K.L.:
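To start, I am sharing the structure in question, which I have written as structure tokens.
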Number of protein chains: 2
Amino acid sequence: MPSQHGKSGDPARSLSLLWRTQEPTSRGRGKPGLNVDRIVAAATGLADSEGIAALSMRRVADALGVGTMSLYTYVPGKGELLDLMVDAAYGDLDTDDRSGAWRERLRRIAFANRALYVRHPWMLQVVTTRLLGPNLIAKYDHELSAVDGLNLSEVEMDSTVNLVNGYVESTVRQTLGAEQVARDSGMDDEQWWRTYDPLLAALADDTRFPTASRVGTAVGRAHQAVYDPDHEFSFGLERVLDGVRALVDSRAPTDD
Amino acid sequence: MPSQHGKSGDPARSLSLLWRTQEPTSRGRGKPGLNVDRIVAAATGLADSEGIAALSMRRVADALGVGTMSLYTYVPGKGELLDLMVDAAYGDLDTDDRSGAWRERLRRIAFANRALYVRHPWMLQVVTTRLLGPNLIAKYDHELSAVDGLNLSEVEMDSTVNLVNGYVESTVRQTLGAEQVARDSGMDDEQWWRTYDPLLAALADDTRFPTASRVGTAVGRAHQAVYDPDHEFSFGLERVLDGVRALVDSRAPTDD
DNA sequence: ATCCTGGCCCGTAGGGCGTACGGGCCAGTG
DNA sequence: CACTGGCCCGTACGCCCTACGGGCCAGGAT
């Protein structure tokens, strides 16, 4: 199922790819039919529609009507392709709007990131450490600016942004994982529970796990009734922002 | 790199495996040399030491000195094996200690979960939706009990526990991802930045991303100096718990 | 006008993976 | 004593990534 792609290639090459550092050549046969952008776009489309599990170099090449190995003329390997896909996707975020107070800005950032991950679920499967593409840096800069000027230390600013982003990622991951399982099994939550709850009840009786049983039932009922994912997401987000507020208040004790 | 395993097998079979529902048979050839527990243990050892990317049915079978296909006598497939591994790993958590006030209890839970994920990094790569093993349910019950009796609704209790768990998972994921990249590249952060920062500086000048540049530099320096991962983890955790406190206080306005 | 060169494209092949299928083996039961 | 059903597993199929090397061809150099 899993793993990461190691990528392990030359970081200098990766950087030059991410920042599109390449003068158009003259030598060589006519116009190239392929280029990095087309490959990234095809791969992204495939990953969006069929999931990252279906993303293979063969499938990408097929989608482009080209031999598998042709991709390697433009991209060192699958790992670098994934990096390029992630940075390109982050390019969809608005990094210009810097209006409003910190809480409103962090809220907007959280919702925008969430929407992006929902659009491109595979992004959550790619490790982005040392992925220094232009769009990732612009995103980081934009997010940090939301908590700049609040008397936080630089390390605290970084932690705060990571805290919010971590919340977004973990909730989206949860949601997408559930959707994937539902898709794979061909049963939605209600069908599934109706079928297997009796079986589970025979194994784990309510007296052994009283709290889990009570809460699980209530949560199931709530989801079945008027379940609003945005509301659920907002609830946790406001808790996180309350925590940030406590920090911000403590750093600006006199003028608040 | 990624994906999940679909598993898609018969959930009833999975449940019976997770809860070890099987009377020892009599018919058949002598004593079986293999059993589910031995397979799960071997697979866990392999995943712990070499990463989930190295976990293959062949490798597990080799570690047990057995043919690959013999595993399928005890386990329907790789997906189910991963489920069994996860539930078994959660069995290491202490689910008895219910002493202390909610904040202290959530703090203990967060640290215990973090330690578990550090010990078994591959756990973060397995989707646990509808994974209803005995240890996972016991964990859920134990964690919910930490926020029981605080006048929270059941849905709020569930959200709160998820909030804390989500924080833990996202921070550990970040840390482990960074470690994996460092291992794969053979360079620690300091070496890496010393080598590639000049290259990056040529591409992204400081004036274009002023906040990212300032904060990135400060965070890098801080990590290089007296970096204490526990302290970093605690910082964010206390922010999360502050957010929970705001909720708890609002639900018990009169007697606090 | 010819040759060279270097980019592009990609077929082949090697070493992984998960697992379906079917068959050999043998202890206990009938 | 035959049978049966659990155990063990070799083989094979269809995927995956990618190293290697070769064919092709437009432009530059001579």
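Scope of the values below: all heavy atoms of this structure, side chains included, with no hydrogens, waters or symmetry mates. Keep in mind that what you see is a predicted model, and the values were worked out from it rather than measured.
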K.L.:
Roughly, in whole Å, what's the span from CG in A:Leu46 to C1' in D:dC15?
P.N.:
15 Å

K.L.:
Mind calculating the distance between CG (A:Leu82) and P (D:dT18) to the nearest angstrom?
P.N.:
10 Å

K.L.:
Can A:Arg114 and A:Asp230 be counted as an ion pair, charged N to O under 4.0 angstrom?
P.N.:
yes

K.L.:
To the nearest Å, give me how far apart CD1 (A:Ile39) and P (D:dT18) are.
P.N.:
13 Å

K.L.:
Compare side-chain N and O positions of A:Ser56 against OP1 and OP2 of D:dC16 and report whether any pair is under 4.0 Å apart.
P.N.:
yes

K.L.:
Quick check for you: among C:dT19, C:dC9, D:dT18, whose closest atom lies nearest to any side-chain atom of A:Lys78?
P.N.:
D:dT18

K.L.:
Would you indicate what B:Leu55 reaches in the nucleic acid, counting non-hydrogen atoms under 4.0 angstrom: base, sugar-phosphate, or nothing?
P.N.:
sugar-phosphate

K.L.:
Going by an N to O cut-off under 4.0 Å, is there a salt bridge joining A:Arg59 and A:Glu50?
P.N.:
yes

K.L.:
Could you tell me how the ring of A:Tyr196 sits relative to the ring of A:Trp192: parallel (under 30°), tilted (30 to 60°) or perpendicular (over 60°)?
P.N.:
tilted

K.L.:
Just wondering, are more than 12 heavy atoms of other shown residues or ligands nearer than 6.0 Å to CZ in B:Arg20?
P.N.:
yes

K.L.:
Rounded to whole Å, how long is the line connecting atom CG of A:Asn35 with atom C1' of C:dG7?
P.N.:
15 Å

K.L.:
Name the closest nucleotide to the A:Tyr74 side chain, picking from D:dC9, C:dC9, C:dC17.
P.N.:
C:dC9

K.L.:
Measure from the side chain of A:Met69, starting at C-beta and using heavy atoms only, and say which of D:dC16, C:dC21, C:dG11 lies closest.
P.N.:
C:dG11

K.L.:
Name the closest nucleotide to the A:Met57 side chain, picking from D:dC8, D:dC17, C:dT19.
P.N.:
D:dC17

K.L.:
Measure distances between side-chain N and O atoms of B:Arg58 and base N and O atoms of C:dG18, and say whether any donor-acceptor pair falls under 3.5 Å.
P.N.:
yes

K.L.:
Looking at B:Ser70, does any N or O in its side chain come under 4.0 Å of the phosphate oxygens OP1/OP2 on D:dC7?
P.N.:
no

K.L.:
Between C1' on C:dG22 and OH on B:Tyr72, what's the gap in Å once rounded to a whole number?
P.N.:
16 Å

K.L.:
Flag the pair B:Arg208 and A:Asp141 as a salt bridge only when some basic side-chain nitrogen lies within less than 4.0 angstrom of an acidic carboxylate oxygen.
P.N.:
no

K.L.:
Taking CD from B:Glu50 and C1' from C:dG16, how many angstroms apart are they, rounded to a whole number?
P.N.:
14 Å

K.L.:
How long is the line joining CG of B:Leu64 and P of D:dC7, in whole Å?
P.N.:
16 Å

K.L.:
Specify the residue among A:Pro76 and A:Arg59 whose closest nucleotide of DNA chain D lies further upstream toward the 5′ end.
P.N.:
A:Arg59

